[in-house]
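Within every chain, numbering begins at 1; the chains are lettered A, B, ... in the order of the sequence lines, protein sequences first and strands thereafter.
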2 protein chains.
Amino acid sequence: MSEIRARFHYDHPRPGVATDMVLFKARQGEVHVLMIERGENPHKGKLALPGGFLRPDEDLDTCVLRELAEETGVTHVTPYHFANFSTPGRDERWVVSAAYFALLPHDAEPVVQPGSDAATAGWYSLEEARARKLAFDHARILEAAVTAVGARLDDPVIAKAVLGMMPPAFTLSDVQRIHEQFRGEALDRGNFRRKLKIMQLMDLIERTGETQRTDETGKGPRHRPAEYYRLRKKPASLPRPQRARP
Amino acid sequence: MSEIRARFHYDHPRPGVATDMVLFKARQGEVHVLMIERGENPHKGKLALPGGFLRPDEDLDTCVLRELAEETGVTHVTPYHFANFSTPGRDERWVVSAAYFALLPHDAEPVVQPGSDAATAGWYSLEEARARKLAFDHARILEAAVTAVGARLDDPVIAKAVLGMMPPAFTLSDVQRIHEQFRGEALDRGNFRRKLKIMQLMDLIERTGETQRTDETGKGPRHRPAEYYRLRKKPASLPRPQRARP
DNA sequence: CGAATAGTGTCTCTTAGACAGTATTGC
DNA sequence: GCAATACTGTCTAAGAGACACTATTCG
């Protein structure tokens, strides 16, 4: 807080207000998180979640999307707020953070371009991210985000977004693996597939006809190869409650 | 923002960070909300939710309890964060608010003493509160709080807290009425009572032996009188997984 | 064949929603 | 008796958990 350049004055002390984004991506059946390497102090050089300070003309949802775009180039994601982090000392500059998660659709731009505040931006598997020393309390935020997604996998909106994360060709076991990493426990195969049907998620995808054996070298795993699926272009059979005017 | 008295200086503009508490109470089968009449501008004289600004040495949970105690004298409640409110212009001073709800146990002090910032503090029925013009966006916060509680009535912790709100003698229909006001819809009597059993909430209460007819003047309603219940002192039959050492 | 994973089906238990039937009061 | 609310029970359907059986590949 350099007194010389300070241009904003208040009667009472004010914390910084920031947002942090935990952006998840599915890569080869593994959940990955978008992290940046901090380009400035504090915690310069450490891995951190993308995010930044609130501006006067925006709300928190807008802020988290703007910062994500600025720091990593990622757009077109839906942010879900899941918790605030305000423990004194979590950031030596006194910053309160609203934490969000989002699930990156596979077709979204993976541009991931380092921006102003970020030296580098890149994807890290959950395992990697957990092994690294993260800036601030971002390790706690990450864990809370994983739990938050896991708790909302029964929400059709979130479950649908998980399907949207999948690559052009994926197996149902791949989807199950993603769910398991968010839930933190193994799921029964039969029950999981039944759930996909009940939630009408099977209507959103279709078989490609390919299997794990028929791709590339014609070589498969040493077990029954799984069917590949893809997202349907459009749920063509949208119910039309009204007919065109005469 | 009087430039003269300003003692805190920052390089970037910072919003005020506040908390707001929606404290619910059950009174005669009706949900009531604790509100204060604002003693200062902006919105002086209007009804508002208790709450206030975050201090440097506390987190948001602490802040909301401190402000509640200062403004209304209420202590010993558990705060549940349910949403942030940050729309630009919601407060002309640029304030971001973390909103909480809590359910007042009946045995808690209803002292409700006006404090520094509040001219008066008092309880208002949901109907009253909804009819009044509230300060800032507190009408929206109130509605969001009601919905948030309604969505969490299946959570044993919240359902238990609702029982804790009830007066010394209450009927099961009273409890149902409280649930209905949070849920915003009528509930089936049979199904509701079954739920109380399934959630083991019936273990927490017991019949007083009195009915609506046997109280006071011996006069009752013109229909079958309901049984009165009260909270059990202690769930005396706590499962003892281990026996005392010899 | 055995190991490993994919895919499907089944049994049971819990819970939710709808609703019927009885009970007890005042008027 | 009638109106109104309290209390209890039943029928059915949906969903979850556990688990078994078959299928298909590689080595």
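- Residues passing the ring pair (Phe, Tyr, Trp, His ring centres under 6.0 Å) test with H32(A): none are found, sequence neighbours excluded.
- Checking G190(A) against H223(A), the closest nucleotide of DNA chain C that is more toward the 5' end is the one next to H223(A).
- The side-chain hydrogen bond (donor to acceptor under 3.5 Å, both in side chains) check on K46(A) picks up H43(A), with sequence neighbours excluded.
- For the pair T87(B) (side chain) and R90(B) (backbone), a donor-acceptor distance under 3.5 Å is absent.
- Whole-Å rounding puts the I198(B) CD1 to dA16(C) C1' distance at 8 Å.
- With sequence neighbours left out, the side-chain hydrogen bond (donor to acceptor under 3.5 Å, both in side chains) criterion links R130(B) to E143(B).
- Within residues 158-188 of chain A, the residues having any heavy atom under 4.0 Å from DNA chain C are, by residue number, S173(A).
- Listed by chain and number, the residues in a ring pair (Phe, Tyr, Trp, His ring centres under 6.0 Å) with F24(B) are F182(B) (sequence neighbours excluded).
- Looking at residues two or more places apart in sequence or on another chain, you find a ring pair (Phe, Tyr, Trp, His ring centres under 6.0 Å) between Y80(A) and F101(A).
- Proximity of R189(B) to the phosphate of dT8(D): no side-chain N or O atom is located under 4.0 Å from OP1 or OP2.
- Side-chain atoms of P225(B) lie closest to dT24(C) of the nucleotides dG2(C), dT24(C), dA4(D).
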Enumerate the protein-to-nucleotides 10-12 of chain D contacts in which both atoms are nitrogen or oxygen and the separation is below 3.5 Å.
none

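- In terms of phosphate contacts, K195(B) brings a side-chain nitrogen or oxygen within less than 4.0 Å of OP1 or OP2 of dA16(C).
- For the pair Y229(B) and P221(A), both in contact range of DNA chain D, the more 5′-proximal nearest nucleotide belongs to Y229(B).
- Take S97(B) and apply the side-chain hydrogen bond (donor to acceptor under 3.5 Å, both in side chains) test, not counting sequence neighbours, and it matches D20(B).
- Atom CZ of R224(B) and atom P of dA6(D) are 10 Å apart (whole Å).
- Here dT25(D) presents its C1' atom at 17 Å from CD of E210(A), a figure rounded to the nearest Å.
- Between the CZ atom of R207(B) and the C1' atom of dA6(D) there is a distance of 10 Å, rounded to whole Å.
- Qualifying side-chain hydrogen bond (donor to acceptor under 3.5 Å, both in side chains) partners for Q181(A), counting only residues two or more places apart in sequence or in other chains: none.
- Summarising the geometry, the separation between CD on E227(B) and C1' on dA23(C) is reported as 12 Å, rounded to the nearest angstrom.
- Here D154(A) pairs with K195(A) in a salt bridge; the nearest charged N to carboxylate O distance falls below 4.0 Å.
- The distance from atom CZ of R193(B) to atom C1' of dC19(C) is 16 Å, rounded to the nearest whole Å.
- For the pair F192(B) CZ and dT15(C) P, the interatomic distance rounds to 16 Å; values are reported in whole Å.
- If you take CD of Q212(A) and P of dT24(D), they are 15 Å apart, rounded to a whole angstrom.
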